[in-house]
Amino acid sequence: AIYDFQKTQSKFEFENNVKTYDVLVETKHYLSSFEISEISEITYGSLLQIETIKTPIDPNDNPELNVEWTSLDEKILTVQGGVVKPVGIGTTTVIAKCDGFKVERGIKVVPSLEFTQESFKIKMNTDLDKICKVFAPDNYKEEVVLESSDESIAAIENGVIKALMPGNVTITAKLGS
């Protein structure tokens, strides 16, 4: 362990007699370094455990040290016990403090998009819609944009797939324009 000493002064008065004493305040440190895992992005709807790396000064003197976690914007994400939970879309900073060390990480929360099935079969001259699910807060405004690899086989109109003729196509989905 390493000890930090901070010198402070205290005054004592006793019947017009003032005495000043130097007082040393001792703080014991157990770590030579403290880091958290490198993360920069998390998708909405998922949870992430941030890993901590604590390097003890003396391997034989390594008590369990608590990490204090903070999110600078809890409208974007919260963090408890190192577990990050997105609650909004955007970027904020997570701060971890332990044994006098302070580590900050900027984390971007992004929406996610998944197809509702791995593949789709539709009959010619029929339509198919709602093939994607967006994981984002209720107030998220970006639309799902679909693209067809061959518009002569399957065309996209207002987010609906229209089967025009037999064949195979790849439908690509993305958020926004």
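By convention here, the first residue in the shown sequence is residue 1.
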Report task. For K108 and V110, run side-chain contact (heavy atoms from CB on, under 4.5 Å): C-alpha distance rounded to whole Å, both residues' side-chain angles, the deciding distance at 0.1 Å, then the answer. Result -> CA-CA 6 Å; K108 182 178 184 180; V110 296; 3.7 Å; yes

Query raised in the report: Any donor-acceptor pair under 3.5 Å linking the side chain of S148 with the backbone of A154?
Result: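 Checked: pair present.
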
Report task. Taking S71 for its side chain and T78 for its backbone only, find out whether a donor-acceptor pair lies under 3.5 Å. Result ->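 Checked: no pair found.
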
Closest approach of [X] and [Y], non-hydrogen atoms and distance?
X: I76; Y: I89; result: CG1-O, 4.2 Å
X: G88; Y: V109; result: O-CG1, 2.9 Å
X: M165; Y: M124; result: CA-SD, 3.3 Å
X: I57; Y: S32; result: CG1-N, 3.5 Å
X: A155; Y: L164; result: CB-CD1, 3.8 Å
X: E74; Y: V87; result: O-CG2, 3.2 Å

Query raised in the report: Going by atom types only, do T55 and S33 share a side-chain donor-acceptor pair under 3.5 Å?
Result: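 Their side chains do contain a donor-acceptor pair, which is all the 3.5 Å distance test asks for.
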
**Report entry** Residue list, salt bridge (charged side-chain N to carboxylate O under 4.0 Å, His left out) with E35, at least two apart or on another chain
**Finding:**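 Once residues adjacent in sequence are excluded, the partners of E35 under the salt bridge (charged side-chain N to carboxylate O under 4.0 Å, His left out) criterion are R105.
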
Shared hydrophobic cluster, [X] / [Y] (ILVMFWY, side-chain heavy atoms < 4.5 Å):
X: Y140; Y: I107; answer: yes
X: F120; Y: I171; answer: yes
X: F101; Y: I95; answer: no

**Report entry** Separation between NZ of K85 and CD1 of I42, rounded to the nearest 0.5 Å
**Finding:**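 These two atoms lie 11.0 Å from each other.
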
Requested in this report: To the nearest 0.5 angstrom, please state how far the NZ atom of K174 sits from the CD atom of E143.
Outcome: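 Taking NZ in K174 and CD in E143, the distance rounds to 13.5 Å.
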
Requested in this report: Evaluate side-chain contact (heavy atoms from CB on, under 4.5 Å) for L175 paired with V145, printing each intermediate quantity in order.
Outcome: CA-CA 6 Å; L175 291 171; V145 177; over 6 Å; no

Find out whether [X] and [Y] are in side-chain contact, i.e. whether some heavy atom of one side chain is under 4.5 Å from a heavy atom of the other.
X: P137; Y: Y44; answer: yes
X: C98; Y: K54; answer: yes
X: I161; Y: D129; answer: no
X: L113; Y: F135; answer: no

Report task. For N168, look at atom CG and say whether over 12 heavy atoms of other residues, nucleotides or ligands are found less than 6.0 Å away. Result ->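 Open.
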
Query raised in the report: If you count the non-hydrogen atoms of other residues, nucleotides and ligands that lie under 6.0 Å from CD in Q80, is the total more than 12?
Result: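 Incorrect, the count does not exceed 12.
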
Requested in this report: Walk me through it: do L146 and C132 pass the test side-chain contact (heavy atoms from CB on, under 4.5 Å)?
Outcome: CA-CA 9 Å; L146 300 176; C132 296; 4.2 Å; yes

Report task. For L77 and V94, run side-chain contact (heavy atoms from CB on, under 4.5 Å): C-alpha distance rounded to whole Å, both residues' side-chain angles, the deciding distance at 0.1 Å, then the answer. Result -> CA-CA 9 Å; L77 64 83; V94 168; 3.6 Å; yes

